[in-house]
Amino acid sequence: MAEPWWTTGSQDVHRLDDRVSSLYAERCHIDRDDNAVVLVNKERTVRVPAAFLAVLLIGPGTRITHAAVALLADSGTTVCWVGQHGVRMYAAGIGPSRGSQLVLRQAWLVTRPKERLQIARRMYAKRFPGEDVSQLTMQQLRGREGVRVRRLYAEHSQRTSVPWTRREYRPGDAFAAGDNINRVLSAANAALYGICHAVITGIGASPALGFVHTGSALSFVLDIADLYKAEHTIPTAFDLVSQGLTSERDARIAVRDAVTNHQLLPRIVTDLKELLVPDGDDTLIDRDLNGLWDEEAGSVSGGVNWGHDIFDDNSFLSVIGPSFATDTPQGQA
């Protein structure tokens, strides 16, 4: 168990399980007081121990001092600049893990077809509870997912009396193509992508190394967001259009409220850990391994002078230059 926050130094990085998963702040001033970040607005002042935060989400109308950012960095806390209530992520700082173990494991999994397929199956298993997908190929999984999503669209269309034909999306301009329901769906999904991006960055994983999606800097973000669309963005979009609410802001606010009401942020953290971390081994997230790569041992300790490996037999290096003749014959150089 971690030490109480008032005895914790800024360099004492707490395990993820001992931290508050996230803290969202908006319309306030953030400063530092000893080992706590101080959030100040017109109504009150709140002090939060930096070492207990996994992710600090900084929303609109917020300013933060250099001292506060330095404390959060020393504490291994991610700082994400986001839209209202965590919707959309604009920039992010260091992750709560000072090590690279989680992203190295993610890279190991995604570059091995057998392991990558296992992770993809586990992702699809979350969408098909109670069904065995352990032997299905990616082609079969994609087919079943397509049938499931089409059925969802039809069910919500019938439930809300919102006409539905097909999904349309224009990359780079999510709000420019299709009818009202397609535009609201695109806006809601964009908000969900921002939330997933913030959490993935926050735990120290790579947004680019996807298992189902590939080729995008946000491939893993798309993977994780797909786990929650059926519960959140699809029904939310149909409900909004049925009420005549078709603006991007309407979709963003609705997704924001759903995230808050259903405690989605902690759920995403839990799902990510189940997918990437075997047997709940949080050392992949929390450990800072200052190592040097070794082709035989895998890694050795960093911050060590390894010169003794060369001189451990009390030998020394000898540099012998060319020899010069003392009596050079005349006319020869």
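Along the sequence shown, residues carry numbers from 1. Computed from a prediction, not measured in an experiment: that's the story for all the values here.
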Handout entry: Distance, nearest 0.5 Å, that separates CG of Leu276 from CD1 of Ile119
Key = 6.5 Å
Completion exercise
For Thr62 and Gly59 the tightest heavy-atom approach is OG1-O, 3.1 Å
Exercise for the section: Measure across Ala251 and Ala187 and return the closest heavy-atom pair with its distance rounded to 0.1 Å. Expected result: CB-CB, 3.8 Å
Exercise for the section: Fit a plane to each ring of Phe211 and Phe220, take the angle between them on a 0 to 90° scale, and name the class: parallel (under 30°), tilted (30 to 60°) or perpendicular (over 60°). Expected result: perpendicular
Exercise for the section: Establish, for the pair Arg121 and Tyr124, whether the NZ or CZ atom is under 6.0 angstrom from the six-membered ring centre and no further than 45 degrees off its axis. Expected result: no
Exercise for the section: Over all heavy atoms of both residues, which pair between Ala120 and Met138 is shortest? Give the atoms and the distance, please. Expected result: CB-SD, 3.7 Å
Practice task
Measure the CD1-CZ distance between Ile253 and Arg256 for me, rounded to the nearest 0.5 Å.
Solution key: 5.0 Å
Completion exercise
Nearest heavy-atom contact between Arg116 and Gly210 is NH2-O, 3.1 Å
Practice task
Look up atom CD1 in Ile224 and atom CD1 in Ile195, then write down how far apart they are to the nearest 0.5 Å.
Solution key: 13.5 Å
Practice task
Working to the nearest 0.5 Å, report the span between CG of Leu218 and CD1 of Ile200.
Solution key: 8.5 Å
Exercise for the section: Please round to the nearest 0.5 Å and tell me the distance separating atom OG1 of Thr270 and atom CG of Leu265. Expected result: 11.0 Å
Exercise for the section: Kindly check if the number of other-residue, nucleotide or ligand heavy atoms within 6.0 Å of CD (Glu155) is above 12? Expected result: yes
Practice task
Please indicate whether Arg148 has more than 12 foreign heavy atoms, meaning atoms of other residues, nucleotides or ligands, lying under 6.0 Å from its CZ.
Solution key: yes
Practice task
Just say parallel, tilted or perpendicular for the rings of His156 and Phe238, cut-offs at 30° and 60°.
Solution key: parallel
Practice task
Answer whether the closest heavy-atom distance between the side chains of Leu56 and Ile30 falls below 4.5 Å.
Solution key: yes
Practice task
Side-chain contact test, heavy atoms from C-beta onward, threshold under 4.5 Å: evaluate it for Glu43 versus Cys28 and give yes or no.
Solution key: no
Practice task
Report yes if some heavy atom in the side chain of Thr246 is under 4.5 Å from a heavy atom in the side chain of Arg183; otherwise report no.
Solution key: no
